[in-house]
Amino acid sequence: MSEERALVVLSGGQDSTTCLYWAMKRFGPENVSSVTFDYGQRHGLELQCAARVAALAGVSNEVLPIDTFAALGGNALTDDEIDVQSDVAEQSGLPNTFVPGRNLIFLTFAAAYAYPREIRDLVTGVAQTDYSGYPDCRETTISALEVALNCGMEADFRIHTPLMHRSKRETVELARDLGALPAMALTHTCYNGQRPPCGHCPACQLRARGFREAGIADPLLDAT
Ligand SMILES: [Zn+2]
């Protein structure tokens with residue numbers, strides 16, 4: 001490998017879009033590609049957003065299907081019968097938007113996609129600050145997964161998590177510094193799949209707080 005190349009797991013949301021621009025700066029735009037997982041999320045809008053963001057950034061975007069999460073059921077992001085709630089489940093202490101294993105599977109498939117293409121740098125927008133406490137977004141989980149992938153594929157993958165210790169405010173500031181704000185107008189955050197965003201679901205509220213604290217107008221709200 002003459003040059004490091006990176007694969008970004010792009011969901012079409014604010015965080016992964018910021019990571020795409022981070023990767024373009026770190027590795028050079030010509031060395032970055034992206035994958036988006038069609039995992040049966042209720043809102044196909046996410047896939048469109050990812051495609052638009054990638055097109056604006058001039059980076060390739062491949063959609064890979066994973067239909068098992070919807071078959072498993074039990075969470076509000078893939079099951080139409082379950083409403084998004086802001087309160088947490090008694091049993092697990094997690095919101096019902098938690099899709100068990102999602103990031104583990106995404107990164108494993110991303111690595112499997114990257115492997116034959118000789119890409120060894122994987123980039124994901126997970127963060128353990130300010131979020132819903134999803135255990136698969138924590139640094140310990142990602143570090144352990146990196147070890148597992150490298151053992152299991154006899155490879156030397158590096159999983160980059162540029163947002164891991166950034167607050168939502170700091171993530172917005174990073175997006176600004178990377179020139180990613182125009183792309184933010186194309187992103188999608190709302191758990192209820194609304195555009196313009198609903199403004200009251202947990203994802204909308206978290207996003208709004210980040211922009212407010214950074215003192216930056218959310219380009220998505222201007223665009224819709
Ligand atoms: Zn919303």
Side-chain angles (χ1 to χ4, degrees), residues 6 8-27 32 34 43 45-46 49-50 52-54 56-57 59 76-77 84-88 93-99 102-103 106-107 122-143 159-224:
V8 179
V9 179
L10 185 66
S11 72
Q14 174 189 0
D15 294 336
S16 64
T17 296
T18 303
C19 286
L20 181 69
Y21 280 78
W22 177 89
M24 288 161 63
K25 184 170 183 207
R26 167 84 157 66
F27 297 94
V32 175
S34 69
H43 314 302
L45 185 60
E46 288 179 24
C49 290
R52 285 186 197 141
V53 165
L56 179 69
V59 165
L77 293 194
V84 171
Q85 289 167 345
S86 49
D87 51 343
V88 298
L94 289 166
N96 71 355
T97 50
F98 178 58
V99 183
R102 180 172 53 172
N103 283 318
F106 282 5
L107 285 165
L122 309 176
V123 186
T124 171
V126 299
Q128 65 183 30
T129 324
D130 264 10
Y131 286 69
S132 307
Y134 295 167
D136 58 349
C137 292
R138 291 182 198 142
E139 191 166 41
T140 47
T141 306
I142 301 298
S143 301
I159 303 179
H160 300 271
T161 55
L163 309 185
M164 182 58 78
H165 299 291
R166 285 186 160 94
S167 66
K168 270 288 176 183
R169 172 195 173 155
E170 289 167 330
T171 296
V172 171
E173 291 169 346
L174 178 65
R176 177 198 60 201
D177 296 346
L178 291 168
L181 287 181
M184 288 300 144
L186 306 176
T187 62
H188 171 73
T189 299
C190 181
Y191 278 154
N192 289 313
Q194 293 178 19
R195 198 173 174 90
C198 80
H200 55 74
C201 74
C204 278
Q205 288 184 358
L206 194 59
R207 175 171 176 142
R209 201 181 84 204
F211 276 95
R212 192 169 59 242
E213 289 178 0
I216 295 170
D218 185 344
L220 171 62
L221 302 180
D222 292 336
T224 52

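We number each residue from 1, following the sequence as shown. It should be emphasised that the depicted structure is a prediction, and the values quoted were computed from it without experimental measurement.
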Next item on the list: Please name all residues satisfying side chain to side chain contact (heavy atoms under 4.5 Å, CB included) with Glu170, sequence neighbours left out, ordered by chain then number.
Entry: Arg166, Ser167, Glu173
Notebook entry, point to check: OG1 of Thr141 to OH of Tyr134: how many Å apart, nearest 0.5 Å?
Noted result: 14.0 Å
Next item on the list: Would you give the length of the straight line joining atom CG of Leu107 to atom CG of Asp136, rounded to the nearest 0.5 angstrom?
Entry: 9.0 Å
Next item on the list: Go through the structure and list residues passing side chain to side chain contact (heavy atoms under 4.5 Å, CB included) with Thr187, not counting sequence neighbours.
Entry: Thr17, Val53, Met184, Arg207
Checklist line | Any residue meeting side chain to side chain contact (heavy atoms under 4.5 Å, CB included) with Glu139, in chain and number order, not counting sequence neighbours | finding: Gln128, Ser143, Met164, His165
Item checked: Whether Ser16 side chain and Ser11 backbone form a donor-acceptor pair below 3.5 Å -> yes
Check: Mind checking whether Trp22 and His160 have parallel, tilted or perpendicular rings, split at 30° and 60°?
Finding: tilted
Item checked: Pairwise side-chain contact, Asn192 with His200, heavy-atom cut-off 4.5 Å (strictly under) -> yes
Check: Within the side chain of Thr124, is there an N or O that forms a donor-acceptor pair under 3.5 Å with the backbone of Val9?
Finding: no
Margin query: Checking Ala54 now: which residues fulfil side chain to side chain contact (heavy atoms under 4.5 Å, CB included) with it, not counting sequence neighbours?
Written below: Leu10, Ser34, Asn61
Item checked: From Cys19 atom SG to Leu174 atom CG, the distance as rounded to the nearest 0.5 Å -> 8.0 Å
Notebook entry, point to check: Taking all atoms of both residues into account, what is the closest heavy-atom pair of Leu45 and Gly193, and its distance?
Noted result: CD2-O, 4.0 Å
Note to self: Test of understanding: with ring-ring contact (aromatic ring centres under 6.0 Å, His included), list the residues that count as partners of Phe106, not counting sequence neighbours.
What the structure shows: Phe37, Tyr39
Checklist line | Nearest heavy-atom neighbours spanning Cys201 and Cys198 | finding: N-SG, 3.3 Å
Note to self: Please check this pair: side chain of Thr18 against backbone of Gln14, looking for a donor-acceptor N/O pair closer than 3.5 Å.
What the structure shows: yes
Checklist line | With Phe211 via ring-ring contact (aromatic ring centres under 6.0 Å, His included) - residues at least two apart | finding: none
Item checked: Those residues that, when tested against Arg52, pass salt bridge (Lys or Arg N to Asp or Glu O under 4.0 Å) (two or more places apart) -> none
Note to self: Looking at every non-hydrogen atom in both residues, tell me the closest pair between His188 and Cys49 and how far apart they are.
What the structure shows: CB-SG, 3.4 Å
Margin query: If you compare all heavy atoms of Ala23 against all heavy atoms of Val123, which two are closest, and at what distance to 0.1 Å?
Written below: CB-CG2, 4.2 Å
Next item on the list: Tell me, with the steps shown, if Asp15 and Lys168 meet side-chain contact (heavy atoms from CB on, under 4.5 Å).
Entry: CA-CA 9 Å; Asp15 294 336; Lys168 270 288 176 183; 3.1 Å; yes
Checklist line | Close side-chain approach of Pro197 to Thr189, heavy-atom, < 4.5 Å | finding: no
Margin query: With a 4.5 Å cut-off on side-chain heavy atoms, are Leu220 and Arg195 touching?
Written below: yes
